[in-house]
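These notes are about the structure you will find just below.
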Amino acid sequence: MIRNRLAELLSERQLKISRVANEIPNLSRNTITSTAQNSGKMIQLETINSLCKYLKITPGEFFEYIPYDIEVAVDDFNLEVRCMDPEPNFDSPDVIDKGAINFSLYITVEPAGQPKYTYEFNGATPITLCYKPPFNAIPIDLVEPETRYKFGYFWDAKLTPGFKTVVIEQIQRAIRERILSEETYDAFSENLWIAINSNFITDTSYKKIIDDAKAVNAKVLNGENETNDLPPFGANTSSDDELPF
């Protein structure tokens, strides 16, 4: 698995993307942004060369590699959104009951030259959510069944901070894409934030989303039908065990 370190390199030098784009005429701001986000499947040699010259680094310092490939998949997916009012209107809140989004999440790790291993999680919404659509953020609990090998140890022992961010984004993207592909109407924002709580990471926005949901639920039950915007932020924690390879 390989990634570029452009985001960290710019942060270390306190450089903004707008300034870099100004000072490297042959690279657009969009190219630099997508490169820093590791969102593309490939980077042109001209882009690597220009950025390495500008930052005065070698390609070895620009890239980071670990001898593992990681894939994330969502299966056995269920989603149910209902309207709270018997006669819905534009002000009617939608409701996602506790557990009404549920699925299996698979994280497959393939070490170089060794058999792959798949970690399995059960995912679900941990609280009833009442909001006027679209939903901007969804909290998700990922629960790992009792097994010999826990993903948390691989997370702590083998992943650098940069690759942890990549894996978090893989998980969030897999869940988001499945939710957006399953819904029958515009109940969710296209930029839906997935706030994960698990044995290897708890998103910093998770508690805020849960607290907001409790407050909104209380207002809805009192007939106020109010809603809140939820913040898209994330961070990590970890756990411990042994590796299967």
Side-chain angles (χ1 to χ4, degrees), residues 1-21 23-24 26-73 105-119 121 142 149-177 194 196 198-204 232-245:
M1 195 173 183
I2 192 167
R3 61 179 286 274
N4 72 73
R5 299 182 56 250
L6 182 57
E8 296 100 296
L9 293 164
L10 296 182
S11 177
E12 289 166 6
R13 292 160 175 76
Q14 298 183 339
L15 290 170
K16 294 187 179 295
I17 287 176
S18 54
R19 175 180 168 183
V20 177
E23 296 180 355
I24 308 180
N26 62 316
L27 295 186
S28 71
R29 180 170 180 162
N30 286 343
T31 296
I32 298 169
T33 299
S34 63
T35 302
Q37 292 174 343
N38 278 276
S39 56
K41 290 191 175 181
M42 61 181 181
I43 310 174
Q44 292 186 356
L45 289 175
E46 180 185 358
T47 300
I48 299 168
N49 183 59
S50 297
L51 288 168
C52 285
K53 283 199 301 182
Y54 177 79
L55 296 168
K56 296 181 174 59
I57 58 171
T58 67
E61 295 169 298
F62 184 76
F63 288 105
E64 181 182 19
Y65 170 79
I66 55 172
Y68 302 94
D69 284 335
I70 300 173
E71 295 182 357
V72 177
L105 180 88
Y106 301 98
I107 304 175
T108 300
V109 178
E110 185 174 6
Q114 296 185 52
K116 63 179 66 174
Y117 185 86
T118 298
Y119 299 92
F121 292 83
L142 294 178
Y149 303 116
K150 295 290 187 181
F151 183 70
Y153 183 77
F154 176 79
W155 177 268
D156 286 338
K158 300 299 181 181
L159 293 182
T160 64
F163 277 110
K164 286 179 179 179
T165 299
V166 170
V167 173
I168 292 166
E169 290 172 350
Q170 282 182 296
I171 294 169
Q172 291 172 320
R173 182 166 56 251
I175 298 171
R176 181 189 306 111
E177 288 178 352
I194 307 298
I196 298 167
S198 71
N199 62 351
F200 62 92
I201 171 181
T202 297
D203 191 296
T204 53
F233 300 110
N236 317 342
T237 59
S238 60
S239 59
D240 190 30
D241 211 292
E242 55 184 4
L243 288 171
F245 32 70

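Here the CG-CD distance, from N38 to E169, works out to 8.0 Å after rounding to the nearest 0.5 Å. A distance of 9.5 Å separates CG of L51 from CG of L9, quoted to the nearest 0.5 Å. For the atom pair CG (L142) and CD1 (I107), the distance works out to 7.5 Å, reported to the nearest 0.5 Å. Taking NZ from K116 and CG from D69, the interatomic distance works out to 9.0 Å, rounded to the nearest 0.5 Å. The line from CD1 of I194 to CD1 of I196 is 7.5 Å long, rounded to the nearest 0.5 Å. Taken to the nearest 0.5 Å, the OG1 atom of T58 stands 12.0 Å off from the CD1 atom of I48.
Between the side chains of E64 and N4, no donor-acceptor pair is found at a separation under 3.5 Å. A side-chain donor from one of T108 and T118 sits under 3.5 Å from a side-chain acceptor of the other. With hydrogens and angles left out, the side-chain atoms of S11 and E8 include no donor and acceptor closer than 3.5 Å. No hydrogens or angles considered: a donor-acceptor pair under 3.5 Å links the side chains of E23 and Y54.
No side-chain donor-acceptor contact under 3.5 Å links S39 to the backbone of T35. Panel note: side chain S50, backbone E46; a donor-acceptor pair is recorded below 3.5 Å.
M1 places a side-chain heavy atom less than 4.5 Å from the side chain of V166.
A distance of 6.0 Å or more separates the ring centres of F154 and Y117. Aromatic ring centres of Y119 and F121: separated by at least 6.0 Å.
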Could you go through the side chain to side chain contact (heavy atoms under 4.5 Å, CB included) check for L6 and F62 one step at a time? CA-CA 7 Å; L6 182 57; F62 184 76; 4.1 Å; yes
Evaluate Q44 against T31 for side chain to side chain contact (heavy atoms under 4.5 Å, CB included), listing each step before the verdict. CA-CA 10 Å; Q44 292 186 356; T31 296; over 6 Å; no
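Heavy atoms of other residues, nucleotides or ligands lying less than 6.0 angstrom from CD of E61 number more than 12.
Geometrically, R3 engages F163 in a cation-pi contact, judged by NZ or CZ lying under 6.0 Å from the ring centre and within 45° of the ring axis.
Using a cut-off of 4.0 Å between Lys/Arg side-chain N and Asp/Glu carboxylate O, R5 and E12 are scored as salt-bridged.
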